[in-house]
K.L.:
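One structure, as structure tokens, below. Some questions next.
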There are 2 protein chains.
Amino acid sequence: MLLPIELAILDAGLTIQPREGSFFGFALARTLAERDGSALVSHGTLYRALNRMDAAGLLESEWEAPELAEADGRPRRRLYRVTGAGEAAFRAAARTEQQRGTVTGEALA
Amino acid sequence: MLLPIELAILDAGLTIQPREGSFFGFALARTLAERDGSALVSHGTLYRALNRMDAAGLLESEWEAPELAEADGRPRRRLYRVTGAGEAAFRAAARTEQQRGTVTGEALA
DNA sequence: GACTTATACGCACATAGGTGCGTATAGTCA
DNA sequence: TGACTATACGCACCTATGTGCGTATAAGTC
């Protein structure tokens, strides 16, 4: 079963992905913090969840091109995309969880 | 004239450079902190000094290869080397400053 | 139902480079 | 010598990812 954090990551990821193509940990933390009013999820927990889901095949990832980070004068980002398996797992879990308000359901539209 | 920080950077840089080939800001901060007992120089001040000296031609710099940072699982480093002009400026300044104990003089050996 | 075990979590901190802002210090000029 | 200006400085914080450690919570076993 999907944990609440994993559900939230897939939810936010599937919302951002069609617009931006991919998403990364730090921005995701900001998004989740805004969504829940305050910083519900610590950075350590989020990055561990991302690695876990990457290893499990729910997400796929790659390092951003160094030139982009260099041009913006910031550290490199690790870019994530929700895989087919991730989306399937999300849709299955969201249907049962939506009534409890655990997810926004935004990505189900 | 060279500022104390700039003198310290050149001193440490010229000590490390023959061994390591180059040096970077974060390790330099550790070295200077150990040398003076405690953290005399804040990170912001150090990085600003490095940029200043880079622009002035006392140092030259390049970003580390992304693969190295990735293999070690850490952010990329900016690698600095003391230029000929930097070494000349250091030797000139160190001769007059050494009596006051401002530099270790290690790099003059 | 109690007892053990696995793991997800938050907190603190590390690694690396960098900016914004107010102050202190040094240098310049009248 | 006093006022005025430039800049170097420390402090706090930002961007981004990640680990170590102790705890809380859930799952599994007897």
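Labels below follow one simple rule: chain letters A, B, ... track the order of the sequence lines, proteins then strands, and each chain is numbered from 1. As the structure is a prediction and not an experimental result, all values here were calculated from the model.
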K.L.:
What residues in residues 50-68 of chain B put a non-hydrogen atom under 4.0 Å from any atom of DNA chain D?
P.N.:
B:R52
K.L.:
With a non-hydrogen cut-off below 4.0 angstrom, is A:G73 in contact with a base, only sugar-phosphate, or nothing?
P.N.:
nothing
K.L.:
Look at A:Y47 and D:dG18 and indicate whether a side-chain polar atom (N or O) is within less than 4.0 Å of OP1 or OP2.
P.N.:
no
K.L.:
I need the CZ-P distance between A:R76 and D:dT17, as an integer number of Å.
P.N.:
11 Å
K.L.:
Has the side chain of A:R48 got a donor or acceptor that lies under 3.5 Å from a partner of the other kind on the base of C:dG10?
P.N.:
yes
K.L.:
Could B:R76 and B:E70 be called an ion pair, given the rule that one side-chain N must be under 4.0 Å from one carboxylate O?
P.N.:
no
K.L.:
Please state how far atom CG in A:L46 lies from atom C1' in C:dC9, giving the value in whole angstrom units.
P.N.:
12 Å
K.L.:
Which protein N or O atoms sit under 3.5 Å from an N or O of nucleotides 23-25 of chain C?
P.N.:
none

K.L.:
Apply the side-chain contact (heavy atoms from CB on, under 4.5 Å) test between A:Y80 and each candidate in A:L28, A:L50, A:I9; give the one that qualifies.
P.N.:
A:L50
K.L.:
Where each residue is assigned the nucleotide of DNA chain C containing its nearest heavy atom, which of B:T45 and B:R77 is assigned the position nearer the 5′ end?
P.N.:
B:R77
K.L.:
Nearest whole angstrom, please: distance from the P of C:dT15 to the CZ of B:R74.
P.N.:
11 Å
K.L.:
Could you tell me the separation between the CD atom of B:E6 and the C1' atom of D:dA8, rounded to a whole number of Å?
P.N.:
9 Å
K.L.:
Can you see whether B:F24 has B:R77 sitting over its ring - NZ or CZ less than 6.0 Å from the centre and within 45° of the normal?
P.N.:
yes
K.L.:
Are the side chains of A:L3 and A:R52 in touch, meaning some heavy atoms are under 4.5 Å apart?
P.N.:
yes
K.L.:
Round to a whole Å and report the spacing from CG of A:D72 to P of C:dG18.
P.N.:
14 Å
K.L.:
Grab the CZ-C1' distance between A:F26 and C:dG17 for me, whole Å please.
P.N.:
14 Å
K.L.:
How many Å lie between CG on B:L32 and P on D:dG10, as a whole number?
P.N.:
11 Å
K.L.:
Quick one: on DNA chain D, does B:G44 or B:L3 contact a more 5' nucleotide (nearest heavy atom)?
P.N.:
B:L3
K.L.:
Are B:E87 and B:R91 close enough for a salt bridge, meaning some N to O gap below 4.0 Å?
P.N.:
yes
